[in-house]
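The sequence lines fix the lettering, A, B, ..., with proteins before strands; numbering per chain opens at 1.
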Amino acid sequence: MQRRFNPLEADAKWQRIWDEKQSFRADDNSVKPRSYVLEMFPYPSGRIHIGHVRNYTMGDVLARFRRMTGHEVLHPMGWDAFGMPAENAAMEKKVHPGTWTRSNIANMKAQLKRLGFALDWSRELATCEPDYYGQEQALFLDLYENGLVYRKESAVNWDPVDMTVLANEQVIDGKGWRSGAPVEKRKLNQWFLKITDFADDLLEGLSGLDQWPDKVKLMQENWIGKSVGLQFRFEIDNPPIELEDANPSGDTNLMKPRVIEVFSTRPDTIFGASFVAIAADHEFAQLLAADDDALDAFCQECRQSGTAAADIETQEKKGYDTGVSVIHPFTGAKLPLFVANFVLMDYGTGAVMAVPAHDQRDLDFARKYMLATPRVVSPDGEDAPIGDEAYTGPGTLINSDFINGMDVEAAKAAVIARAEAEGWGQGTTVWRLRDWGVSRQRYWGTPIPFIHCDDCGVVPVPKDQLPVVLPEDVSFDIPGNPLERHPTWKHVDCPKCGKAARRETDTLDTFVDSSWYFIRFASQPDDKPFDKETTEKWLPIGQYIGGIEHAILHLLYARFWTRALNHCGLIDVKEPFAGLFTQGMVTHETYKSPDGKWLAPEEVEKQGENYVVADTGEPVTLGRVEKMSKSKKNVVDPDDIIDQYGADAVRWFMLSDSPPERDLPWTASGIEGSWRFTNRLWRLFSDASENSEGEDKTLLRKLHQTIDGVAKDIEALSFNKAVAKIYELTNAIEKAKPSASRSEAVRTLALLVAPMVPHLAEEAWETMGTEGLVADAAWPAVDPALLVDDEVTIACQVMGKLRDTITVAKGLPKDELEKLALAAPNVARTIDGATPKKVIVVPDRLVNIVI
RNA sequence: GCGGACGUGGCGAAACCGGUAGACGCAGCGGACUUAAAAUCCGCUUCCCGUUUGGGAGUGCGGGUUCGAGUCCCGCCGUCCGCACCA
């Protein structure tokens, strides 16, 4: 009998057999209960990394387990194939983004195949192919027809040297990543989706997602950011007279601004307002700037900082006093009007009433510009001066006229009521959630199916002319959008009037592609995006698995997109993901050479306690354990590991030790341990001689407790606990003497490990002479009578400290337990004849004696 | 800045509803087998004191509730993640 498991042979053999038998093809017409298991599809960067392996292994274990428990399982795979890296590669390596992407997909598919995942490859899709994005264009037009798509001006990061739009990640310290030029904010006319129409529904829907992690729901709730407050007007006291002439746009609505409209979630603090601040992009700021060079320069400066919220909120608070005053609606006091860099144009009205005593940003600003900081809320009703920290807690209103003495909530209501009665404001709900800007000024994305005509305006491409296919003949020699400068592509006739017109050259955000791929997996007809009836059979997805980094955007956009399709009458589903799991990253130690360069794990050798450079013997500095990344070189290639240990050992390691939601540190000794265990299993299976004599009740108990426990752990995705239980069972089997029970345990063990190490399990079954495939086998049945032990160990405590343990029959009455515990030698010695004051007995658990 | 999560041996961790802290794995130490090595098997392994029986301390820090706290409450400290054009 061979002692060593040969994974390379076994992996290939069983992968071929599963393929031939189409074992994992999902049947749309099955009568079994359905289970849709999905992992977030990968971006085809070129190579899969260990993080993918972990993600897909988890999904695979669940998919295989569900098959064993009688489900018809849909477990598909595809490629999130549009996006910037392909264009960067095109610029750097002079390859076409399509060529680069498709060859990456081929490589990664081969890598995934080697891991033996139970995937239905017949449903594979890539978002960069016209048969996918063409259907996406059709859906986009449906949304347009239903009023969910519109255009508006919005700011982008503009690199004035490269003449191109930059993503936030391409802006480093306010400068373009390639050119190093200071980035400007520039306004462009862009496409938006009305996600805000669904803000309430997206928020409400969260409460029904009981199989989502609470933290993700909370993150989405905060992101949607419902806040109720008062929108109201400050009259402008002294608008500059020359304003009318200076008005640059000629828009008559802007000719005579008389008020500044603000929104506040704290109308109760209105008597503490000491100034009003508006965003640099606020129309009034722009009007004033036209006539004030210093203000204009200040607004320019604001525009040059990044568009990211983190940049805006961490930079030093700065403002410009416009010299204009506004009038407090209650007191009539004149408050200075500032333009400030911390006011966001996109939130509320782009203008705020600033109450320094009760808002930290306002306080920082007020200290810097020596403005008053009157307190209006006090926890104890006393008027203590404000220090360096704004008071945002509950309390009683003071210094506040008619609301004095009220608590915060009552005061809010009172101010709103008065504003509404007097007609200068109204209670309003404001959302932090903004409409989804989907325009990207890039080539490698889904073309937005619209045509611009001088006469007819923006005209949708007729559906029978879809897909609008990306031109292949493009160059990336110069920056900017190749669609923009393509000689012919954008020149088309208007579908309405037939005159010469221009195609839209913006493409869709790749988050659109990933907002419905799970729908297309469930059914993919040629002539429409999906088949309603078939797709609805599979949706919602029972278990969706992916990284926490998608907690907000991808998951929220997909929830919105599904609602949008529902709104258009295309699908009867609103929530696409019934169950969600967010897994942790794979991390690795980092190494640095004496000259401070990062070293890859294979360049480093362990000598005793220390690490040295393998070639030179120089000492290596051991860095922190961090997320695997190319820049720190702390990566391992799944292919190399599979070559060395086979798919099963890698899969086993991915599931072992760390809880799946936490980070998993990759270690060479860890994968070695997994490899040793697969061999231990193999020895158990290959040495198994069938024994029909003798029962081993202890082993049977352990076996059935393990069957039950592993099933529950897999359902809960607690793979590390399932692994530990399998180790315990394996240890118990190895220690057990030959018996019919032991033979049964070995055979059953092959089924228990099958979802995790499927190749080994198939090989074991074949070796043991069992008919059929493990892939088609059922999960072993549990005998409930064997789940309970008949003896229990009772902890005997004196004053809460463990002094002894006694092993007794299960279910012993309290007084018996008390007697036995008092008689336990170490207990008797500790209490030393003293009379117990009190004895606490928890049946089958412990006895605690208080003296 | 705002929001969120996490903190238990040398390391990854487990611990049900508040009831024997450290299961299981890694690393380490000792031993068996071997000419030797690899592989494998057996034993030990939270820390401190003690020859053993045993005793003391211990779940980031400081308090509290309780017969009993890793778990509940209050206050700190530290680390990591997200923040709308990366996917």
Open item on the list: Is the phosphate of B:G25 approached by A:Asn731 (side-chain N or O, under 4.0 Å from OP1 or OP2)?
Closed with: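 So the side chain of A:Asn731 is within the cut-off, an N or O lying under 4.0 Å from OP1 or OP2 of B:G25.
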- [ ] Would you indicate, yes or no, if B:A27 has its OP1 or OP2 atom less than 4.0 angstrom from a side-chain nitrogen or oxygen of A:Arg676?
- [x]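 The answer is yes; a side-chain N or O of A:Arg676 sits under 4.0 Å from OP1 or OP2.
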TODO: Hey, which sits more toward the 5' end of RNA chain B by its nearest nucleotide, A:Lys838 or A:Lys215?
DONE: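 Here A:Lys215 is the residue nearer the 5' end.
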- [ ] Could you tell me whether A:Arg440 and A:Asp509 make a salt bridge, using a distance below 4.0 angstrom between a side-chain N and a carboxylate O?
- [x] yes
Task: Side-chain ion pair, A:Arg680 and A:Glu734, N-O less than 4.0 Å - done: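 Result for this pair is yes, salt bridge flagged.
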Open item on the list: Give me the distance, rounded to whole Å, that separates B:A15 from B:G7 when you measure between the P atoms they each carry.
Closed with: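 Between the two P atoms, the distance is 12 Å.
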Below 3.5 Å between N/O atoms, which protein atoms pair up with nucleotides 69-76 of chain B? Just atom names and distances, please.
none

Short N/O separations, protein against nucleotides 77-82 of chain B, under 3.5 angstrom:
residue, atom, partner, partner atom, Å
B:C80, OP1, A:Arg624, NH1, 2.7
B:C80, OP1, A:Arg624, NH2, 3.2

Task: Side-chain donor/acceptor contact of A:Arg442 with base of B:C85 under 3.5 Å - done: yes
TODO: Ignoring hydrogens and angles, answer whether the base of B:C85 and the side-chain atoms of A:Gln190 contain a donor-acceptor pair closer than 3.5 Å.
DONE: yes
Open item on the list: Mind checking if A:Pro85 touches a base, just sugar-phosphate, or nothing, with heavy atoms under 4.0 Å?
Closed with: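 It contacts nothing in the nucleic acid.
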- [ ] Take the angle between the ring planes of A:Phe511 and A:His554 and call it parallel below 30°, perpendicular above 60°, tilted in between.
- [x]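 Because their plane-to-plane angle is under 30°, the rings of A:Phe511 and A:His554 count as parallel.
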TODO: Please work out which of the three classes, parallel, tilted or perpendicular, describes the rings of A:Trp436 and A:Phe560, given edges at 30° and 60°.
DONE: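 Perpendicular.
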Of all the choices, [options], which nucleotide is nearest to the side chain of [X] once you look at every atom?
X: A:Asn720; options: B:C67, B:A14, B:G56; value: B:A14
X: A:Gln441; options: B:U20, B:C85, B:C26; value: B:C85
X: A:Ser658; options: B:U40, B:G12, B:G19; value: B:G12

